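Single-structure report; data block below.
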Number of protein chains: 2
Amino acid sequence: MQTFTIISLMDATIKDIARIVKVSYATVSRALNNKHGVKPETRKRILEEARRLNYRPNAIARGLVKKQTHSIGLVIPDITNPFYPEVARGVEDAAQEAGYSVFLCNTNWEKDRELRYIELLTSKRVDGLVIAPVSETTEALQRFLRSVPVVYVSTTSVAAHESYVTIDNVKGGYLATELLIRTGKTPVAFIGSEEDSHTLQERLEGYKQALKDYHQPVDERYVRFGNFKRETGSRFIKKMVLEGVKPKGVFGENDLLAIGIIQGAKEIGLAIPEDLAVVGFDDIPLASFPEISLTTIAQPKYEMGRYAVEILLKRIGVEDTGSFPRQRLILEPNLVRRKSA
Amino acid sequence: MQTFTIISLMDATIKDIARIVKVSYATVSRALNNKHGVKPETRKRILEEARRLNYRPNAIARGLVKKQTHSIGLVIPDITNPFYPEVARGVEDAAQEAGYSVFLCNTNWEKDRELRYIELLTSKRVDGLVIAPVSETTEALQRFLRSVPVVYVSTTSVAAHESYVTIDNVKGGYLATELLIRTGKTPVAFIGSEEDSHTLQERLEGYKQALKDYHQPVDERYVRFGNFKRETGSRFIKKMVLEGVKPKGVFGENDLLAIGIIQGAKEIGLAIPEDLAVVGFDDIPLASFPEISLTTIAQPKYEMGRYAVEILLKRIGVEDTGSFPRQRLILEPNLVRRKSA
DNA sequence: TATATATTTGGAAACGTTTGCAATCAAGAG
DNA sequence: CTCTTGATTGCAAACGTTTCCAAATATATA
């Protein structure tokens, strides 16, 4: 009894099976991998013994010879940010279906932590990477990335030869602004996160485009940048009206910001959406809560994750690196109308 | 130029370095790992060449000989559920600091998907596992788990020899109920998720304990079970009052449920907290939003994640499996009072 | 029955490291 | 100048697989 337990504790290898069944371990390998060319009866004996020994193939050893690990890395800023769990879930589901596992890496928005992670992941010989980069990729980062297939998610601004999946942020910004204008909520303001973010720039471009198309003046006093935190939205809207800049509508670059805007507006006695209509971007789970009911531009987050790994796996599948054409997938944003605008 | 690129594309190995520097690859290995006993000048030359070749140690090969991968698995029901991102983050941070990577696995609450994952992870030879199991562990699962160190998170009901970190659910339930009673919100109801969940049972026990201590009757009509979805909370509270069962306070087994309860209550014209006070459990990020402002029992989610891997790594550190004593860490729940009660 | 062919098996190298042991080397002691 | 000693180095095995190639065996063909 005791002995039995101990035996089952230490991992049996292919050699153990070979020794017991009295065949070469080449044969055992073939049997275990359902390769043709092993006599049914032999195969049966091997499988039985494997089962009896509680044999688990050693993926490490296999990885060494096959030069692939069936693992991919998912590098995101922060799983705690409500935008990412869904894309992570999409990534994970798609990976799992294809027999891949995924390493979760939070960069915490830190450039060097991101770099260290990528370094680590390449050391672990992941077969590929899906990454939502902290910011514009640096040269150092590029150097690493050259040795492993990668698809970017939620960014477009990357080296010309890389694949990515994202949504049409310009269009999203346009849709948001357009709604505000058409419902008479002018002038409409824009409150965004960091100014140098490409995502922001695109959404801002959509905003300006809509303004132009509908013959609205573009007034810089109505556009502000801070960071992606909720408090920022609250602070900025209050500051704005304090300065006498009084929009009737505001487009928040993301939902957290937009929710903050609503909260700030309420604090100074503005009714939503009568006095101030606000629309956000992302459609995080929170947005749909009755208490919040935020009108917003939805991103198909889960699908973005899925598509990213689908592209990645296709890329991994082709042995001839470099011959694989860059894939760009730009998904459609979707206006979902709730009570805030 | 072209040639250079190609060279840097294929991974240089220790042998390449050895060949160029003209030493044995044993020496290269020693140099790269900062082992003593290699002449400073030799080490320098090796390090330089490694850098020049853009050498990345192959963790797979290393793992094969050292029999450890510096990877752990994180097996949770669903990263999309607001409870888990924080613990995942804690796990990841602690792991990262110790040089470990973490595989993210969503079981989607499916027993067999959980099993498949654990099978996969053991095949990949993770050094350990932190797992929030779908339900009571099965025999099959136990068999796998015996071959790898594991610490459970957010559960207590497991084999006597396993480690876990969780919070004192009984106490949490008690705290919640006590608050309701002391603020005069009696009778107080309990609305929970699946009846056979151990977590629920513990929180329910706390509820009953408090009732008893404060000489309140325990009336089964005031306790209901459904699932952990928000809608359930909403439906159940409405159903309750429809049946003439009219609590003044209700303890929702988790925040989602509690928020649902609030929403349902509002729909039928109840004022929160005047007509109905509600307290939840978990303190998910949402709970603190002004629009929600849910009084709840907070779990130190991030810390749970951290502690889990700290215990795990300590366990991994000792070579003599079996000699490591089971670790139980039961964290304190924390009442955070907001507007809903 | 002998030969050709197909099926099943085994041997051995390879994947990229780490590490115990023995060999070499430089230098200090006598 | 030789002997000891300690610091450096190299050799080779090992980790657990996969896979190429050849050997062995069985089956079909003539």
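This structure is a prediction, so every number in the text was calculated from the model and none was measured. By convention in this document, chain letters (A, B, ...) are assigned in the order of the sequence lines, proteins followed by strands, and residues within each chain are numbered from 1.
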Margin query: Does anything in residues 38-48 of chain A come within less than 4.0 Å of DNA chain D? Heavy atoms only, and list the residues if so.
Written below: none
Notebook entry, point to check: So, are B:Arg52 and B:Glu48 salt-bridged, with charged N and O less than 4.0 Å apart?
Noted result: no
Item checked: Pair B:Ser71-A:Lys124, side-chain donor/acceptor within less than 3.5 Å -> yes
Next item on the list: Could you tell me whether B:Glu162 and B:Arg315 make a salt bridge, using a distance below 4.0 angstrom between a side-chain N and a carboxylate O?
Entry: no
Margin query: Less than 3.5 Å apart, any donor N or O on the side chain of A:Tyr302 or A:Asp93 sitting next to an acceptor on the other?
Written below: yes
Item checked: SB check B:Glu310 B:Lys314 (cutoff 4.0 Å) -> no
Item checked: Ion pair check, B:Arg116 and B:Glu110, cut-off under 4.0 Å -> no
Notebook entry, point to check: Which letter, B, S or -, goes with each nucleotide of nucleotides 10-19 of chain C from 5' to 3', with contact meaning a protein heavy atom under 4.0 Å?
Noted result: BB---BBBBB
Check: Salt-bridged, B:Glu86 to B:Arg89, with N to O below 4.0 Å?
Finding: no
Margin query: Closer than 4.0 angstrom, basic N to acidic O: yes or no for A:Arg45 and A:Glu49?
Written below: no
Next item on the list: Check B:Ala31 against B:Leu47 and note the closest heavy-atom contact, atom names and distance.
Entry: O-CD1, 4.2 Å
Checklist line | Positive for side chain to side chain contact (heavy atoms under 4.5 Å, CB included) with A:Tyr117, one of A:Glu114, A:Arg113, A:Glu119 | finding: A:Arg113
Item checked: Estimated bend of the helix from C:dT1-D:dA30 to C:dG30-D:dC1 (axis per five terminal pairs, rounded to 10 degrees) -> 50°
